[in-house]
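Below is one structure, written out as structure tokens, with a few remarks after it.
We use all heavy atoms of the structure for the numbers below, so side chains are in, but hydrogens, waters and symmetry mates are not.
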Amino acid sequence: MNAAGLDVLLKYFPRSFVETLSKKLGINQLYPTQVEAIKSGVLDGRDIVLSAPTASGKTLVAELAMLKTLIAGGKALYMAPLRALASEKFEEFSSFFGVFGYRTAISTGDFDSDDPWLEKYDVIVTTNEKADSLLRHKARWFDKITLLVVDEIHLIGSDKRGATLEVFLTRTKLMPRRPQLLGLSATIGNLEELAEWLQAKPVRVDWRPVPLKEGVYYNGEIFYSDGSSTTLDDHGTPLYDLAYDTLENEGQILVFSPTRRSAVSDAKKLSAITVKFLKPQEFRVIREHVSRLKSVYTDKVTLELLELLSKGVAFHHAGLGLEARSAVEKLFREHLIKAVIATPTLAAGVNLPARRVVITDYRRFNVELGYYEKIPVMEYKQMAGRAGRPRYDKEGEAVLIARSLQELEFLLNEYINARPEKLQSQLASEPVLRSHILSIIATSENVRSYSTLGRFLTSTFYLHQNKDYFFVIERARSILEKLVSSGFLEVEGEKLLPTQLGVRVAELYIDPETATQGLNFFKSREKASTLAYLYMISATPDAQTVHVRRGDEEWLEEKLKVMKEELGFEPPEDDIEYEFFLQVFKTALLLEDWINEVPEDVIVERYDVGPGDIYSLTLTAQWIAFALSEIAKLSGYDVHAVNLGVLSKRIEHGVKEELLELVSLKGIGRVRARNLFNFGYKSLIDLAVAKEEELSRVPGIGKMLAKSIKKQLSSREEGEVDEEQPELGEPGPLDFYLSS
DNA sequence: GGTAGCACTTTATAGACAGCATGTC
DNA sequence: CTATAAAGTGCTACC
């Protein structure tokens, strides 16, 4: 390695820092990506949108830029689209900046660094939504941010979540002292347009640390983009051929499959091959992981996975629980399992490179629109970019599978040699716009009239891209009317003022429509059954629902007969509405089972979901329950507020009310709490009185846990002093000024 | 009468962010 | 709206 490779950094950093980079962090040379970015001025404080392939060193660019800003006494905010990515970066940054004596914090739905908020940290890692939420809550440290790093900034074009990022960026753009911006992007068709909107410099780098070959497999041959080709041995099916060839050369293969079902079945098929390449010592290590996972999961989905793991292969999709997923990732990274067959979870998710990536189908069924569509080139490129493990593989290879000569041609032209499409702003869709319009008015003092809102909208990417100003203004006007009639805003002449309710809705981060539905529910009844609450929650636009299969209708209708009373209303007549009704009803039943302590395995079977689905379903329901409880409180519906508060806790832990006290202990979940309860420990007092040895006789409670319980209880008795919260409510520094 | 094997028919379809206050299966 | 693989069902041939 060439130590002089770091010379360019001496212009920006003290020599000791550069030496530390080399000695402690093993960074001796800069990648072309980093050189380009520095040439373009990231370290001189310039705003930049950097588009470069996966693993081409974008993270180090961000780290250097952040380090630069920290040395100057500033603070950096790093935003990522997924919680998993945020926590991955948090780990990385903690050690990187730790070496230089700077502190890193993370704030997502999962974790929150508590201490007097995030003020004293130098680097803060969040998800996009969390960053937006912090803005809404007027976090005071926000004006201390001197560098904003937005990872995967191309997410601005995603239909569901793109608008959040767009509004966030528009807001920061309009701040009086805007922080430096570093956007990190995959390859996109209109980088220049995006950068121009952000008033940043577009920087495009195509260099990859591991060269990537892209090709199409047809009739026993891989045809590469450069016109060359290789022939593979025949093992029955294209996927077998590709897998065999990869494993034979001691590589690993990552397969993208369109559905969960096909991912599982492809994994099963490939197990016949992978098992042949599994060495005995590898098998032993895998078995340890498998037996550990067996103690966590006993549902059929995970059991199927565990069986496959022992054969050196795995499937990966969002139905799997968190631990199962990360076990698959870990085993694959350690080269123990040879093949992973994944749904698009992994396309934009955690970094899991493999020598060869196979995309079995360029089409995917669109559940919402109800038809098959071809996946965007950008998504293909993201998947293909996973090919090639730095340091392990000389080159990576991405392969699409063609079924006919025509398709071969089509895939070469439309994917491999195609340019990724242009990013399109997704701001104009109504449900998205209504949330953000309320949020903008409710949480910033400077957009409080039709004209300032109009000016805000003018600064968005949407209007930068589409010149139809009047269309947006019209749509905004109709949304404003609805927000006013729902009681979130008030009009005083030209002025638009948020109500207390409106502010709270924006802070709680729920769709105004969710709040409206909640309020209608509260208004129409003084009390409600648990099932009725669960139904109401699951029917909101923020909720997730489960699918109703053909065979479900029958038993759902049986259930309905018995529970009509409890539900408190008649199901709709209309066919489409009825279909939605059944979906919501099924979801409500699942949640009810969950809070009645029905075992996870049973839920998995009964509702045809995976443990991961249960997790995300309950997480969402719990959040909505909490938010609506707050809305009820604010609107004077005290009974509903209390009921929903309790319900939210029950959903969080999956327990009956009687266990809520026990479950507040660290290390005690629904299962252990029930065991304790059945052994007569029904409250914290009971536990405080009990002896450690007695507690450890309860199934699921070992010596360690018994000790931890006692320790927790004794510290509670002493009454720990709560940490002081910074006062809220002052106008935040994030308010921007739309001076005309 | 029972069943293996095959052809035809039916069925279902990816993912995941947010509050708050501290640590799930 | 532009599909397809897996699971389910039913039929036939054969013992």
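Backbone-only contact: Lys269(A) has heavy atoms under 4.0 Å from sugar-phosphate atoms and none from a base. Residue Arg672(A) is classed as having no contact, given no heavy-atom separation below 4.0 Å to the nucleic acid. Using a 4.0 Å heavy-atom distance criterion, Gly349(A) is classed as making no nucleic acid contact. Contact annotation for Leu369(A): base contact, defined as any heavy-atom pair under 4.0 Å involving a base atom.
Checked for salt-bridge contact, Glu630(A) and Arg504(A) meet the test: a charged N lies under 4.0 Å from a carboxylate O.
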For DNA chain B, produce a single dot-bracket line, 5' to 3'. Pairs: Watson-Crick or G-U wobble, both distances under 3.5 Å. Symbols: ( ) within strand, [ ] crossing, | other strand, . unpaired. |||||||||||||............
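Other residues, nucleotides and ligands contribute only 12 or fewer heavy atoms inside 6.0 Å of the CD atom of Glu579(A). Atom CD of Glu430(A) sits in a crowded spot, with more than 12 heavy atoms from other residues, nucleotides or ligands closer than 6.0 Å.
Looking at Ser629(A), its side chain does come within 3.5 Å of a backbone N or O of Ala641(A) through a donor-acceptor pair.
With sequence neighbours excluded, the residues that form a side-chain contact (heavy atoms from CB on, under 4.5 Å) with Ser404(A) are Gln406(A), Glu407(A). The side-chain contact (heavy atoms from CB on, under 4.5 Å) test applied to Gln583(A) returns Thr545(A), Val548(A), not counting sequence neighbours. In terms of the side-chain contact (heavy atoms from CB on, under 4.5 Å) criterion, residue partners of Asp608(A) (sequence neighbours excluded) are, by chain and number, Arg549(A).
If you measure from atom CG of Leu628(A) to atom C1' of dC20(B), you get 15 Å, rounded to the nearest angstrom. Phe626(A) has its CZ atom 14 Å from the C1' atom of dT22(B), to the nearest Å. Distance CZ (Phe111(A)) to P (dC20(B)): 18 Å, rounded to an integer number of Å. The distance between atom CG of Leu293(A) and atom C1' of dT24(B), rounded to the nearest whole Å, is 15 Å. Remark: C1' of dT22(B) and CD of Gln712(A) are 10 Å apart, rounded to the nearest angstrom. The distance between atom NZ of Lys649(A) and atom P of dG23(B), rounded to the nearest whole Å, is 10 Å. Spacing between atom CG of Leu705(A) and atom P of dT24(B) amounts to 11 Å, rounded to whole angstrom units. Distance, Ile668(A) CD1 to dT22(B) C1': 15 Å, rounded to whole Å.
Chain A approaches DNA chain C within less than 4.0 angstrom (heavy atoms of the protein), and the contacting nucleotides run 5' to 3' from dC1(C) to dA6(C).
Between dA5(C) and dA14(B), the distance separating the two P atoms is 15 Å to the nearest Å.
Ring geometry for Tyr637(A) against Phe522(A) counts as tilted: the plane angle lies between 30° and 60°, on a 0 to 90° scale. In this structure, Tyr362(A) and Phe410(A) have tilted ring planes: the angle between them lies in the 30° to 60° band.
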Scan nucleotides 12-18 of chain B nucleotide by nucleotide, 5' to 3', and note B when protein non-hydrogen atoms come under 4.0 Å of the base, S if they reach only the sugar-phosphate, - if neither. BBSSBBB
Step by step, work out the side chain to side chain contact (heavy atoms under 4.5 Å, CB included) result for His289(A) and Leu309(A). CA-CA 9 Å; His289(A) 284 265; Leu309(A) 280 179; 5.9 Å; no
Check against side chain to side chain contact (heavy atoms under 4.5 Å, CB included), Val609(A) and Ile614(A): CA-CA 7 Å; Val609(A) 293; Ile614(A) 300 179; 3.9 Å; yes
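Of the inter-residue distances, the one linking Arg364(A) atom CZ with Tyr371(A) atom OH reads 13.0 Å to the nearest 0.5 angstrom.
Evaluation of atom-type donor-acceptor distances gives a pair under 3.5 Å for the side chain of Gln622(A) against the base of dG19(B).
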